[in-house]
Every structure is written in structure tokens, then in C-alpha cells.
Amino acid sequence: MSLINFRHLFRAGLFSLAGLRRAWQNEQAFRHEVIVLAIMALVLAVLRPGLGWTAAAFAGWLFVMALELLNSAIEEAFDLISPDYNIHVKYGKDMASGAILIGLIANAGLWRCLLLDTFAK
């Protein structure tokens with residue numbers, strides 16, 4: 001028996017791709033975040049801030065995108081559990097959305113530092 005089950009890894013990868021496809025098709029915020037990722041890549045290619053800043057910028061934005069996927073998954077689950085209005089479902093959805101806001105604020109701070117460092121030279 002192999003230590004790494006490649007069949008399992010392949011199937012898990014397919015499930016992940018299906019989740020990304022679902023998010024692209026059904027979540028406008030996720031599509032916006034992919035567009036921002038592409039724009040960010042262009043800006044970083046022009047600014048050439050260095051490998052550390054580039055890695056941090058990509059990691060920070062990919063983290064926001066991961067939070068968006070989790071938020072969407074939570075909303076799907078809550079809608080399945082209780083399709084009718086429920087204040088506790090609203091609280092849960094609002095908190096998941098708040099996580100995205102925190103990620104966006106962190107990215108704004110990261111980009112502020114990146115730009116200050118890049119143009120201070």
C-alpha cells in the first residue's frame with residue numbers, strides 16, 4: 001500500500017475544481033475577486049516590488065478568496081437548514097461576511113505598506 005493515495009488526491013482535486021467552478025458560476029463576489037487577482041498580477045508585474053512583497057500580496061488576496069468560498073459554503077448550508085428567515089441564520093451569514101471584511105482590511109494595509117516601500121526607494 002502506497003503512503004500517498006494518488007487516486008484519492010486526484011478525486012479531491014476534482015472536487016475542489018468543481019467548487020471553484022460553482023463559485024465562478026454563482027457568486028458574483030468571487031468573480032470580482034478573480035478579476036482583482038488578475039489586475040493585481042499586472043500591477044505587481046509593473047511595480048516589481050520584490051519576491052517577498054509579491055508573495056505576500058498574492059497570499060493575502062488568495063486568503064480573501066478562500067474566505068469568500070467559505071462564506072458562500074456557509075450561506076449554502078444555512079439556506080439548506082432554514083430557507084425561511086431566521087435571525088440566527090442572519091447572524092451567522094453576517095459573521096462570515098465580516099470575516100471577508102477583515103481580510104479586505106488586512107489586504108488594504110498590506111498594499112499600503114507595499115506601495116510605501118516601493119515608492120520610498
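Given the structure is predicted, the values throughout are model-derived calculations rather than measurements.
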Quiz item: Taking all non-hydrogen atoms of both residues, which atom of V43 and which atom of W111 are closest, and how far apart?
Solution: CG1-CZ3, 3.9 Å
Self-check item: Common cluster, I102/M65, ILVMFWY with side-chain heavy-atom separation under 4.5 Å
Solution: no
Quiz item: Same cluster for L37 and L51 if Ile/Leu/Val/Met/Phe/Trp/Tyr side chains link at under 4.5 Å?
Solution: no
Quiz item: Is M95 linked to Y85 within one hydrophobic cluster, defined over Ile, Leu, Val, Met, Phe, Trp and Tyr using a side-chain heavy-atom separation of less than 4.5 Å?
Solution: yes
Practice problem: Would you check if V64 and L104 make a side-chain contact, meaning some heavy-atom pair closer than 4.5 Å? | Solution: yes
Self-check item: side-chain contact (heavy atoms from CB on, under 4.5 Å) assessment of L69 paired with L20
Solution: CA-CA 8 Å; L69 290 169; L20 291 172; 3.7 Å; yes
Practice problem: Could you note down all residue pairs passing side chain to side chain donor-acceptor pair (under 3.5 Å) where residues 36-50 supplies at least one of them, sequence neighbours left out? | Solution: none
Practice problem: Flag yes if F119 and M40 sit in one hydrophobic cluster, no otherwise; membership is Ile, Leu, Val, Met, Phe, Trp, Tyr, and two members link when side-chain heavy atoms are under 4.5 Å apart. | Solution: yes
Quiz item: Which pair of non-hydrogen atoms, one from S82 and one from N86, has the smallest distance, and what is that distance?
Solution: OG-CB, 3.8 Å
Practice problem: Without swapping roles, check the side chain of T118 against the backbone of L114 for a donor-acceptor pair under 3.5 Å. | Solution: yes
Quiz item: When rounded to the nearest 0.5 angstrom, what is the spacing between CG in L42 and CG in L47?
Solution: 11.0 Å
Quiz item: Just how far is it from atom NZ of K93 to atom NZ of K90, taken to the nearest 0.5 Å?
Solution: 10.0 Å
Self-check item: Residue pair F78 / L80, side-chain heavy-atom distance below 4.5 Å
Solution: no
Quiz item: Does any pair with a residue in residues 7-26 pass side chain to side chain donor-acceptor pair (under 3.5 Å), and if so which ones, sequence neighbours excluded?
Solution: R22-E76
Quiz item: Minimum heavy-atom separation for F58 to L44, with atom names?
Solution: CE1-CD1, 3.7 Å
Quiz item: Should I39 and L62 be regarded as members of a common hydrophobic cluster, given that ILVMFWY residues are connected when their side-chain heavy atoms come within less than 4.5 Å of each other, either directly or indirectly?
Solution: yes
Quiz item: So, for N107 and W61, which heavy atoms are closest and what is the spacing to 0.1 Å?
Solution: OD1-N, 3.3 Å
Quiz prompt | Pair listing, salt bridge (Lys or Arg N to Asp or Glu O under 4.0 Å) test, anchored in residues 96-117, at least two apart | solution = D117-K121
Quiz item: Can you name the closest pair of heavy atoms from L67 and G103 and give their distance?
Solution: CD1-CA, 4.3 Å
Self-check item: Atom pair CG/CG of D94 and N71 - distance to nearest 0.5 Å
Solution: 9.5 Å
Exercise. Look at atom CG of L116 and say whether more than 12 heavy atoms of other residues, nucleotides or ligands are closer to it than 6.0 Å.
Key: yes
Exercise. Measure the spacing between CD of E33 and CD of Q28 and express it to the nearest 0.5 Å.
Key: 11.0 Å
Self-check item: Expected output: side-chain W53 to main-chain L115 donor-acceptor under 3.5 Å
Solution: no
